[in-house]
**Q** 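Here it is, the structure, as structure tokens.
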Amino acid sequence: MTTLELSGGHVLRPDLTVERADVLVDQSAGEVLEVGALAGTGDEMLDCSGSLVMPGLVNAHGHGAMTLLRGYADDKPLEAWLEEDIWPAEAELEAGDVGAGTRLAAVEMLRSGTTAFVDMYFQVDEVVDAVTEAGLRARVGHGVVTVGKDDEAARADFEESLAVAERHDGAADGRVRTAVMPHAPHTVGTEFFEAFVPRVHEAGIPLHFHLNETPAYLDPIEAEYGERPTVYADDLGLLGEDSWVAHGVHVDDSEIELLAETGTSVVHCPASNMKLASGMAPVQELLDAGVMVGLGTDGAASNNDLDLFDEMRDAAMVGKLAAEDASAVAAPDVVRMATEGSAAAAGLPVGRVEAGGVADFAVVDFEQPHLTPTHDFVSHLVYAARGSDVRHTICDGAVLVRDGTVTTLDEDAVRESASEHATALVDRAN
Ligand SMILES: N[C@@H](CCSC[C@H]1O[C@@H](n2cnc3c(=O)[nH]cnc32)[C@H](O)[C@@H]1O)C(=O)O
Ligand SMILES: [Zn+2]
């Protein structure tokens, strides 16, 4: 057994209190052995003085390789943005592009303290390779869209999602888990849900999809079935403890109730919702109803970064606006969303720094002008800290960022390759 000691820092405990403590990790098991006063007992030492050791952040909804389309099409609502810009560009995506874009996403997430993420995209073999190389943890899936496809192509897309989920679950020493990811209730035909969802359940695979992101998600389902999309999704077997949805912006009281009853988690993506003017999710109402709420960036083309510190601040701000109440979506609730909430939504065993827990951490440097004085660590994490304050990132007991530098991937090479792939992709699309 090789041990790693995170020494000299403060630690954010699961009850969100902060204490002066060291953390001892069994690197081979990727597990925390002890949190307390250790004084140099680790085989390897990582200096955390002046810093806070917190659970690694969990990005519970996104499309990693969309980093290639960052800044490609801005200032448009979701439907026009997808149909006029994003989908035509994605039609030209090749496997190598997805690998390059996901590596860039990995570097960006690691540098800003994210240790686990959820990815809904294409060419998932490439995504898995990038995750494996980066040392990250992820729940990945192939996104299914059947609108605009003939029956054969639609079925093939759903088959691919199932095959990918079965093929990759448990990869990278168990750091990679999978899900089947139909894009949304209105972009996948009813007959395909009916044919495939029972098979997904039989195989014991979780489900993840976009729900009620904009009013355009509601209209076609209300027109055809006379019910809200959440009810329609429940009829199709899409809700439950093993399901989590992204957005949940336009959900009425009965839908919130149904999400709570079925144990379906909601991943809030405030930056994407603001940028595309999709609306304000009723986050405080979801929390009050007992819905598990996580946090996600969505893709880098609708955010436009993958920094969960930004996302935490946005969640607090927009949550207050939505509730018209400054006490709504308070800092501790937001920190929980970005850690345990996201982890529970995505079914990953992370989100707490404790003995016996998984060794995934972000170490945040508090010796910064904008983090001075420190009346309250949790307040700073939400309202004042930035991803660039992350000093070290540790996943599964391995130090993936040390003093701001990624140890597993060559950052310059990753940036260069992503730029080349992005330029060639956009050339092909235009
Ligand atoms: N196999 C599918 C791929 C779906 S991947 C998931 C999709 O979600 C898209 N996407 C990204 N951000 C959002 C969002 O905010 N709402 C809805 N879709 C999004 C993304 O561009 C990608 O096309 C196909 O044949 O089209
Ligand atoms: Zn999305």
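Predicted model, so just to flag it, every value in this text is computed and none were measured. For ligands, and for the atoms within them, numbers begin at 1 and follow the listed sequence.
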**Q** Identify, for atom 7 (C) of ligand 1, the protein heavy atom at the shortest distance, and state residue, atom and that distance.
**A** H183 CD2, 3.6 Å
**Q** Check the orientation of F122 and H142. Use parallel for under 30°, tilted for 30 to 60°, and perpendicular for over 60°.
**A**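 Because their plane-to-plane angle is over 60°, the rings of F122 and H142 count as perpendicular.
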**Q** I want to confirm something. Looking only at heavy atoms, which of E90, K149, H210, M66 is nearest to atom 23 (O) of ligand 1?
**A**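 It is E90 that holds the nearest heavy atom.
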**Q** Could you identify the single nearest non-hydrogen protein atom to atom 6 (C) of ligand 1 and state the distance to 0.1 Å?
**A** M120 SD, 3.6 Å
**Q** Among the heavy atoms of H247, does any lie under 4.0 Å from an atom of ligand 1?
**A**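 H247 counts as a contact of ligand 1 under the 4.0 Å cut-off.
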**Q** Whether the N304 and D74 side chains hold a donor-acceptor pair (N or O, under 3.5 Å, no angle test) is what I'd like checked.
**A** yes
**Q** Is the distance between the ring centroids of F158 and F196 under 6.0 Å?
**A** yes
**Q** Just checking, any donor-acceptor pair under 3.5 angstrom between side chains of Q284 and D333?
**A**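 No, because no side-chain N or O of Q284 sits under 3.5 Å from a partner of the opposite role on D333.
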**Q** Donor-acceptor pair, distance only, cut-off 3.5 Å: does the side chain of S417 make one with the backbone of A100?
**A**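 Looks like no, no N/O pair under 3.5 Å.
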**Q** My understanding is that only residues two or more places apart in sequence, or in another chain, count here; which of them pass side chain to side chain donor-acceptor pair (under 3.5 Å) with D173?
**A**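 Here no residue qualifies.
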**Q** Using distance only, find each side-chain donor-acceptor pair of residues 390-403 under 3.5 Å and give its atom names and separation, not counting sequence neighbours.
**A**
{"unit_1": "R391", "atom_1": "NH1", "unit_2": "S49", "atom_2": "O", "d": "2.9"}
{"unit_1": "R391", "atom_1": "NH1", "unit_2": "S51", "atom_2": "OG", "d": "2.8"}
{"unit_1": "R391", "atom_1": "NH2", "unit_2": "D47", "atom_2": "O", "d": "3.3"}
{"unit_1": "R391", "atom_1": "NH2", "unit_2": "D47", "atom_2": "OD2", "d": "3.0"}
{"unit_1": "H392", "atom_1": "ND1", "unit_2": "D403", "atom_2": "N", "d": "3.1"}
{"unit_1": "H392", "atom_1": "NE2", "unit_2": "D47", "atom_2": "O", "d": "2.8"}
{"unit_1": "T393", "atom_1": "OG1", "unit_2": "L110", "atom_2": "O", "d": "2.7"}
{"unit_1": "R402", "atom_1": "NH2", "unit_2": "E44", "atom_2": "OE2", "d": "2.8"}

**Q** Give a yes or no on whether the backbone of E255 and the side-chain of T230 come within a donor-acceptor separation of less than 3.5 Å.
**A**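 No: the side chain of T230 does not pair with the backbone of E255.
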**Q** Between P88 and N430, is there a side-chain heavy-atom distance shorter than 4.5 Å?
**A** no
**Q** How far is atom 2 (C) of ligand 1 from its nearest protein heavy atom, and which residue and atom name does that atom have?
**A** G143 O, 3.0 Å
**Q** Closer than 2.8 Å to the Zn ion (ligand 2), which protein N, O or S atoms?
**A** H61 NE2, H63 NE2, H210 NE2, D298 OD1
**Q** Which of the listed options, F122, W87, Y121, holds the heavy atom that is closest to atom 3 (C) of ligand 1?
**A**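 Ranked by closest heavy atom to atom 3 (C) of ligand 1, first place is F122.
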**Q** Per the salt bridge (Lys or Arg N to Asp or Glu O under 4.0 Å) rule, what does the pair list look like for residues 95-104, sequence neighbours excluded?
**A** D97-R428, R103-E133
**Q** Using heavy atoms and a 4.0 Å limit, tell me yes or no: is F158 in contact with ligand 1?
**A**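 Contact absent.
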**Q** Tell me the nearest of D119, D298, D157, L69 to atom 15 (O) of ligand 1, using heavy-atom distances.
**A** D298
**Q** Is there any N or O on G299 that sits under 3.5 Å from an N or O of ligand 1?
**A** no
